[in-house]
Amino acid sequence: MTDVLIVGGGPVGLFLGSLLLQHGVAVRVLERRTGRNAHTRAIGIHPPALAALERIGVARELIGRGVPIRQGFAVSHGRKIARMPFAPVSDRYPFVLAVPQPVTEEVLERRLRELDAGALLRNAQVTGMHDDGARVTLSVTTGDGSASLSAAFAVGADGAYSTLRTLLGVAAPEKLYPDHYLMGDFPESSPFGSDAALFLESAGIVESFPLPGGVRRWVVRLGKPPACPDAEQLASLVARRTRVALDAGANTMLSSFSVRSRLAARMVSGRTALTGDAAHEISPIGGQGMNLGWLDAVALLPAVLAVVSGEPSAAALRHFDSTRRRAAASARRQAEVNMALGRPLPDGLLRPRNAAIAGVAAIPAFNALVARRFTMQ
């Protein structure tokens, strides 16, 4: 008999499944995709999330397959104006780990299957649900037909366009921002090596992060969505703003996105909880979204254990709902600050703004505080 049904087999659903299995909870993870996501979008794993991943025994492997970013630089007009070391944020994980999302999902899926080879059901689309107060039943279509699956509790980890959230009737108003980005991965050609760099320029920010295998990600802020983005356009924008030349012909990933956010009105409805992007979609700028979902899972664990063991769970579920919605609201505010920092600014305002950034970054206590905020500590 299944104790918990998890809708969504991305990083959050896979992690939660393993976390529950380690506590003896029978889990089924339902994923509509037939295979893992091959697109490298989310790459940053922050120290609190690494501590969470350590709980299921995958942190060490991920660190071995990623690039620990131990410091970042703010750069303007070709000159480093500020340095942010991550050593003060964590004794155990004094870095932000850059690792491609397909690698993260591969490691998490393998761990889930080690704990229960049959826990993950792919090509499974949820089409309906019913909560009778004692159990949750999901209507599911698979490659083999239709089925009804029942459990003591259900979790929606099925992304920003969550089917489960829609079936629950939970409102998640969309907030749009005037920020658009073009990003891509290229062979390393910058002088920054394993460091991150934020180029604060009058035309808008350029962000740059190392990836394994001698690859570097570049993210450029645009004034409007690109009509037909290509690697040549991105390489040209990077060269113009940063003076770093990229080999457009060697581009391995290209993507554009416009920024929006959503915060669900509630994260718990009866015997169902929402986690990750299903509960809170946050701007990718700052890389908080995936990490926030993993921390949701850790916070949800005590409540789910109470539910499946038949113990009182209402207070634990209310605590999860209130604390994680506050955490999501805080993450959205931080993302909005990050985006504001990257918007175009005339040189007459850019230079004094950047001078102020350099001044406060030179104060160790303030620098450490900003680093802690940036890494979700």
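Just so you know, these numbers use all the heavy atoms, side chains as well, and skip hydrogens, waters and symmetry mates.
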Just by distance, with hydrogens left out, do [X] and [Y] show a side-chain donor and acceptor under 3.5 Å apart?
X	Y	answer
R70	S194	no
T34	N123	no
S261	Y177	yes
S236	R240	yes
Q125	T127	no

*Ion pair present between D179 and R343, side-chain N to carboxylate O less than 4.0 angstrom?*
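Salt bridge: yes.
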
*Answer yes when R110 and E61 have at least one side-chain N-carboxylate O distance shorter than 4.0 Å, and no when they do not.*
yes

Determine which pairs satisfy side chain to side chain donor-acceptor pair (under 3.5 Å) with at least one residue from [range], sequence neighbours left out, and list them in order.
range	value
residues 296-312	H280-D296, D296-R324
residues 51-60	E54-R92, E54-Y93
residues 366-377	Q334-R373
residues 269-278	R266-S269

Between [X] and [Y] (side chain of the first, backbone of the second, donor and acceptor by atom type, cut-off under 3.5 Å), is there such a pair?
X	Y	result
W218	L182	no
S283	A335	no
S330	R326	no
D230	Q233	yes
T166	S162	yes
D158	A278	no
N291	G287	yes
T242	V238	yes
D185	T252	no

*Step by step, would you call V215 with F186 a side chain to side chain contact (heavy atoms under 4.5 Å, CB included)?*
CA-CA 6 Å; V215 174; F186 299 82; over 6 Å; no

With sequence neighbours excluded, residues passing salt bridge (charged side-chain N to carboxylate O under 4.0 Å, His left out) with [X]:
X	result
R113	E109
E336	K175
D321	R325
R260	E174, E281

*asked:* Under the rule for side-chain hydrogen bond (donor to acceptor under 3.5 Å, both in side chains), what residues qualify as partners of D3, not counting sequence neighbours?
replied: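 D3 satisfies side-chain hydrogen bond (donor to acceptor under 3.5 Å, both in side chains) with no residue once adjacent residues are dropped.
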
Going by heavy atoms in the side chains, are [X] and [Y] under 4.5 Å from each other?
X	Y	answer
L149	T137	no
L108	E105	no
L341	I357	yes
L301	H23	yes
E207	V220	no

Looking at every heavy atom in both [X] and [Y], which two are closest together, and how far apart are they?
X	Y	value
L5	A151	CG-CB, 3.6 Å
L292	A331	CD2-CB, 4.0 Å
N251	A231	CB-CB, 3.7 Å
G270	F153	O-CE1, 4.5 Å
F320	L274	CZ-O, 3.9 Å
V99	G66	CB-CA, 4.1 Å

Between [atom1] of [X] and [atom2] of [Y], what distance do you get to the nearest 0.5 Å?
X	Y	atom1	atom2	result
L19	W294	CG	CH2	13.0 Å
R351	I81	CZ	CD1	10.5 Å
F15	L295	CZ	CG	8.0 Å

_Any pair counted as ring pair (Phe, Tyr, Trp, His ring centres under 6.0 Å), so long as it reaches residues 119-142, sequence neighbours left out_ = none

*Pairs involving residues 235-263, ordered by first then second residue, that meet ring pair (Phe, Tyr, Trp, His ring centres under 6.0 Å) (sequence neighbours left out)*: Y181-F257

*V107 and I45: same hydrophobic cluster, using ILVMFWY side-chain contacts below 4.5 Å?*
yes

*Around atom CG of D132, are there more than 12 heavy atoms of other residues, nucleotides or ligands at under 6.0 Å?*
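Check passes, neighbour count above 12.
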
*Yes or no on side-chain hydrogen bond (donor to acceptor under 3.5 Å, both in side chains) for S208 and R217, after CA distance, side-chain angles and deciding distance?*
CA-CA 6 Å; S208 178; R217 169 157 300 177; over 6 Å; no

*Are V126 and L30 close enough, and set up right, to give a side chain to side chain contact (heavy atoms under 4.5 Å, CB included), and what steps lead you there?*
CA-CA 8 Å; V126 175; L30 309 176; 4.1 Å; yes

_As a quick check of understanding, evaluate side chain to side chain contact (heavy atoms under 4.5 Å, CB included) for L222 and L237, giving each step before the final call._
CA-CA 10 Å; L222 304 175; L237 288 166; 3.6 Å; yes

*For side-chain hydrogen bond (donor to acceptor under 3.5 Å, both in side chains), just list the numbers for R135 and S150, CA-CA rounded to whole Å, side-chain angles, deciding distance to a tenth of an Å, and then say yes or no.*
CA-CA 7 Å; R135 293 184 71 78; S150 178; 2.9 Å; yes

*Mind telling me whether F86 and F374 have parallel, tilted or perpendicular rings, with 30° and 60° as the class edges?*
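Ring orientation of F374 relative to F86: parallel.
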
*Would R165 and L167 count as a side chain to side chain contact (heavy atoms under 4.5 Å, CB included) if you check the C-alpha gap in whole Å, the side-chain angles of each, and the deciding distance to 0.1 Å?*
CA-CA 5 Å; R165 188 184 67 222; L167 291 171; over 6 Å; no

Sequence neighbours left out, cut at 3.5 Å: what donor-acceptor pairs do the side chains of residues 199-206 make with other protein atoms?
| unit_1 | atom_1 | unit_2 | atom_2 | d |
| --- | --- | --- | --- | --- |
| E201 | OE1 | H77 | N | 3.3 |
| E201 | OE2 | H77 | N | 3.1 |

*Please lay out, stage by stage, how R111 and E106 fare under the test salt bridge (charged side-chain N to carboxylate O under 4.0 Å, His left out).*
CA-CA 9 Å; R111 179 56 178 152; E106 173 200 333; over 6 Å; no

